[in-house]
Amino acid sequence: MLKIYNTLTRKEEEFHPLVPGKVSMYVCGPTVYNYIHIGNARSAIAFDTVRRYLEFLGYEVRYVSNFTDVDDKMIREAHEENTTVPALAEKYIAAFMEDTKALNIEPATMHPRATQNIPEIINFVKTLIEKGYAYEVDGDVYYRARKFKHYGELSGQSLDDLETGASEHVSADEVQKKEDPLDFALWKAAKPGEISWESPWGKGRPGWHIECSVMSTRYLGKTIDIHGGGQDLEFPHHENEIAQSEAATGQKFVRYWMHNGFVTIGKDNEKMSKSLHNFITVHEIIQHVDPQVLRFCMSTTQYRRPIQYSDDTLEDAANNLRHIKTALQNLTYRQSDAVDGADKEVSQKVKDFDQQFRDAMDDDFNVQNGIAVVYELVKYANVYAQQGTVYRAGLVALTNKIEQLMSIFGIDLDAASQETSIDDEHIQKLIAERDQARKDRNFKRSDEIRDELKKKGIILEDTPQGTRYRKA
RNA sequence: GGUGGUAUAGCCAAGUGGUAAGGCACGGGUCUGCAAAACCCUUAUCAUCGGUUCAAAUCCGAUUACCACCUCCA
């Protein structure tokens, strides 16, 4: 039975979707004014892994993730890059799709954009005004936070404490307009020259929080199963979403709130963020780091834990991943002399490992325990592949299970299990020559050939079944 | 100031009452002509102090350190 830690109740709860067999999931996506950094990637990877596990369990997952393509930062950055807000959005949305593809993050069922939902946003705001939850001042529309009686429940804060914090930060301009420092903007009046849309309150654009309420309602319904995002979105973003959605629909907004931990960097383990200017973009990191390694590193860290970004962390991940790939190559290699027929013991073992894996992952996506099961499976597979007699069905069963479990972490290893074929005649000759040299006990020559091939990225290994080669 | 989180071997990390999973790195070994790969072996009294208990990393209390949110941020 899958259990999920719900931020709202701060407890692990059994997961029962609203509609049996189907899961609706909304994950807050990035503001597209820059390349995504590793922290953004972490969130996308964490929830992609959640999605993949849910699908592995047999759920049909409808996954929506938005792009914030208009806000203050978009406007400022467009100005700095001497371009328009829509052009800026196109550029970085394309980059997002490219970067997430490299990390093997499945595209969402839908990637709606704020600017594609303006009429719906306006209607939503109108509803909130009609219900008395919002008010218009000089072309701005604000939400009356205190009017919503559950305000503060997600972040566990009292309204007065929140107000103490809020009043330190509101601008003088806002103080004059807002009824209360806690109130937040639903609609912002346009300043001269800014991108804007017509509305009942004059030209303007949506506030940040309203888009998620609108898009999740529009594409997933009034009540959704899972809403995900970074821990930094808990307050105020998600708090505000709840206030907007529940006030407008009168129904429960989200059944399970999930928040991922940060990527930290530096010796102080500081949060990587755009405002701290200590971020590394995915765009640049994948120039010199295998994206699969980055993916593996992140998807095998439980989503709520922080990940310390460092070369050591990545190196560990690379070593672990190589170990798993080698096991698959070992299994494939033995197919050449495998015997036909079933292997009951292997089938049973594979079932046992599968169950252990589920038990681990069912505990709030405990990927650390999940991957530990994979390591055990890999060890078992390595031992099996070195037995005197191996059955083809056994090799295939082990291969398939390893590949299946790894795919939940977003690692596709099909290619790894394909034995490298070498069509270069020259290399084939060298390998044959080395075999002869070894028979003649001319080890000087055989080692020369091995070194030479190694320089070309081909590794030779001598096994009881003969000489084996693979690419480094 | 308010709220939440974290502290386990060189590093990453599991473990929510019965004398510490797993991985990486290190060292030793098996196999090998030598390697490689694989496998085996070896490594900790769990931040500190106090309490509850036959028994605590695990429960309670206090303390310390670090991180995050309370303002845009995944």
Side-chain angles (χ1 to χ4, degrees), chain A residues 7 10 27-31 33-34 36-47 65 68 71-73 76 152 155-158 160-171 208 228-237 239 259-264 268-276 279 297 300-308 310 312-313 315-320 322-324 326-327 329-330 333 360 363 366-376 378-379 381-386 438 441-444 446-447 450-451 454 459-464 468-470 472:
Chain A
T7 313
R10 309 210 181 264
V27 177
C28 291
T31 302
Y33 69 107
N34 199 343
I36 58 167
H37 60 69
I38 302 175
N40 300 113
R42 200 274 162 98
S43 184
I45 287 172
F47 292 109
S65 190
T68 299
D71 80 334
D72 291 337
K73 296 187 295 295
R76 193 186 61 224
S155 48
Q157 300 260 30
S158 74
D160 292 333
D161 288 334
L162 283 171
E163 176 153 350
T164 308
S167 51
E168 289 172 18
H169 297 284
V170 284
S171 67
W208 172 41
Q231 281 171 352
D232 48 358
L233 298 186
E234 242 172 73
F235 190 91
H237 186 55
E239 194 79 71
H259 291 94
N260 66 274
F262 301 126
V263 175
T264 65
D268 295 332
N269 280 331
E270 276 184 320
K271 171 189 172 187
M272 181 182 290
S273 73
K274 288 177 180 170
S275 46
L276 289 175
F279 62 91
C297 176
T300 55
T301 301
Q302 206 251 6
Y303 71 95
R304 287 196 284 134
R305 277 200 156 259
I307 297 179
Q308 190 187 358
S310 71
D312 285 350
T313 309
E315 197 183 317
D316 272 11
N319 286 337
N320 279 318
R322 180 157 20 88
H323 186 236
I324 294 165
T326 304
Q329 290 170 344
N330 292 342
Y333 180 71
D363 179 22
N366 191 328
V367 294
Q368 270 104 321
N369 282 336
I371 198 68
V373 174
V374 174
Y375 293 135
E376 279 188 57
V378 160
K379 182 174 287 186
N382 278 329
V383 170
Y384 186 77
Q386 287 190 348
R438 289 185 69 223
R441 303 192 69 77
N442 180 357
F443 297 122
K444 185 164 174 277
S446 70
D447 288 351
R450 190 168 61 195
D451 289 345
K454 193 177 177 184
I459 292 171
L460 295 187
E461 295 173 355
D462 300 317
T463 75
R468 163 186 175 182
Y469 51 82
R470 61 191 177 92

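Reminder, nothing fancy here: chain letters follow the sequence lines and each chain counts from 1. Please read these numbers as outputs of a predicted model, since none were measured by experiment.
Considering only side-chain N and O atoms, Gln368(A) lies under 4.0 angstrom from the phosphate OP1 or OP2 of A14(B). Side-chain nitrogen and oxygen atoms of Lys379(A) include at least one within less than 4.0 Å of the OP1 or OP2 phosphate oxygen of C40(B).
Residue Arg305(A) has its side chain nearest to A14(B) when only A35(B), A14(B), C39(B) are considered. Nearest to the side chain of Lys274(A), among C73(B), A74(B), A21(B), sits A74(B). Side-chain atoms of Ala372(A) lie closest to G22(B) of the nucleotides G22(B), C73(B), C34(B). When distances are taken from the side chain of Met272(A) to each of A38(B), A35(B), A74(B), the shortest belongs to A74(B). Considering only side-chain atoms of Lys73(A), the nucleotide from G15(B), C34(B), C72(B) that sits closest is C72(B). The side chain of Thr326(A) lies closest to A37(B), out of A37(B), G33(B), A14(B). For His323(A), whose side chain is taken as the heavy atoms from C-beta onward, the closest listed nucleotide among C39(B), A36(B), A74(B) is C39(B). With G15(B), G33(B), A74(B) as the candidates, the nucleotide lying closest to the side chain of Arg441(A) is G33(B).
For G2(B), the base has no donor-acceptor partner in the side chain of Asp160(A) [N/O atoms by modelled type, under 3.5 angstrom]. Counting atom types as modelled, Arg450(A) pairs a side-chain N or O with a base atom of A35(B) as donor and acceptor under 3.5 Å.
Rounded to whole Å, the C1' atom of A37(B) lies 47 Å from the corresponding atom of G4(B). Separation of the C1' atoms belonging to U30(B) and G18(B) is 37 Å when rounded to the nearest angstrom. For the C1' atoms, the distance linking G51(B) with G17(B) amounts to 15 Å, nearest Å. Straight-line distance between the P atoms of C24(B) and C41(B): roughly 14 Å, to the nearest whole Å. For U16(B) and C67(B), the C1' atoms lie 23 Å apart once the distance is rounded to whole Å. Between the P atoms of A13(B) and U8(B), the separation comes to 8 Å (whole Å). Only the C1' atoms considered, A20(B) is 11 Å distant from U58(B), to the nearest whole Å. Separating the C1' atom of A57(B) from that of G15(B) is a span of 8 Å, rounded to the nearest Å.
Within 4.0 Å (heavy atoms only), Asn330(A) reaches sugar-phosphate atoms of the nucleic acid but no base atom. Here Ser275(A) lies in heavy-atom contact (under 4.0 Å) with a base. Using a 4.0 Å heavy-atom criterion, one finds that Asn382(A) contacts the sugar-phosphate atoms exclusively. When heavy atoms are screened at a 4.0 angstrom cut-off, Val373(A) is found touching no nucleic acid atom at all. Using a 4.0 Å heavy-atom distance criterion, Asp71(A) is classed as making no nucleic acid contact. Backbone-only engagement by Tyr375(A) is indicated by non-hydrogen atom pairs under 4.0 Å involving sugar-phosphate atoms exclusively. Nucleic acid contact for Thr313(A): none, since no nucleic acid atom lies under 4.0 Å from a heavy atom of the residue. Nucleic acid contact for Ser446(A): base, since at least one base atom lies under 4.0 Å from a heavy atom of the residue. Within 4.0 Å (heavy atoms only), Gly229(A) reaches sugar-phosphate atoms of the nucleic acid but no base atom. Residue Asp161(A) is in sugar-phosphate contact alone, with no base atom involved, counting any heavy-atom pair closer than 4.0 Å across all strands shown. No contact: Gly228(A) has no heavy atom under 4.0 Å from any strand. If you check every strand for non-hydrogen atoms under 4.0 Å, Asn319(A) touches sugar and phosphate atoms only.
Distance NE2 (His259(A)) to C1' (A74(B)): 10 Å, rounded to an integer number of Å. Here A13(B) presents its P atom at 14 Å from CZ of Arg304(A), a figure rounded to the nearest Å. Distance Leu233(A) CG to U71(B) P: 14 Å, rounded to the nearest Å. Spacing between atom CD of Glu239(A) and atom P of U71(B) amounts to 12 Å, rounded to whole angstrom units. Between Asp316(A) atom CG and C11(B) atom P the separation is 12 Å, expressed in whole Å. Straight-line distance from the CD1 atom of Ile371(A) to the C1' atom of A21(B): 14 Å, rounded to whole Å. Atom pair Arg468(A):CZ and A37(B):P shows a separation of 11 Å (rounding to whole Å applied). Rounded to a whole Å, the CG atom of Asn369(A) is 12 Å from the P atom of G22(B).
Across all strands shown, A9(B) remains unpaired; no Watson-Crick or G-U wobble contact has both distances below 3.5 Å. The partner of G1(B) is C70(B), judged by Watson-Crick or G-U wobble contacts that both fall below 3.5 Å.
Across the interface with RNA chain B, nearest-nucleotide mapping of Gly156(A) and Asn366(A) shows Gly156(A) to be the residue nearer the 5′ end. Nearest-nucleotide assignment on RNA chain B puts the 5′-proximal partner with Glu315(A), out of Glu315(A) and Val383(A).
A search for ring pair (Phe, Tyr, Trp, His ring centres under 6.0 Å) contacts involving Phe279(A) returns His37(A), not counting sequence neighbours. Not a single salt bridge (charged side-chain N to carboxylate O under 4.0 Å, His left out) links Arg42(A) to another residue, sequence neighbours left out.
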Check step by step if side-chain contact (heavy atoms from CB on, under 4.5 Å) holds for Arg304(A) and Thr7(A). CA-CA 11 Å; Arg304(A) 287 196 284 134; Thr7(A) 313; over 6 Å; no
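If you take CD on Gln368(A) and CD on Gln302(A), they are separated by 6.5 Å, rounding to the nearest 0.5 Å. Here the straight-line distance linking atom CG of Asn369(A) with atom CG of Asp363(A) works out to 7.5 Å at 0.5 Å rounding. Atom-to-atom distance recorded for Lys73(A):NZ and Asp71(A):CG is 4.0 Å, nearest 0.5 angstrom. The line from CZ of Arg470(A) to CG of Leu460(A) is 10.5 Å long, rounded to the nearest 0.5 Å. Atoms CZ and OG1, on Arg322(A) and Thr326(A) in that order, are 7.0 Å from each other to the nearest 0.5 Å. One distance of note links CD of Glu234(A) with CD of Gln157(A); it measures 10.0 Å at 0.5 Å rounding.
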N/O contacts under 3.5 Å, protein versus nucleotides 64-69 of chain B?
{"from": "C69(B)", "atom 1": "OP1", "to": "Lys271(A)", "atom 2": "NZ", "distance (Å)": "2.6"}

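A 4.5 Å side-chain heavy-atom check between Asn330(A) and Arg468(A) finds at least one atom pair inside the cut-off.
With salt bridges taken as basic N to acidic carboxylate O contacts below 4.0 Å, none links Lys454(A) and Asp451(A).
Note on ring orientation: taking the six-membered ring where Trp is involved, the planes of His237(A) and Trp208(A) are parallel (angle under 30°, cut-offs 30° and 60°).
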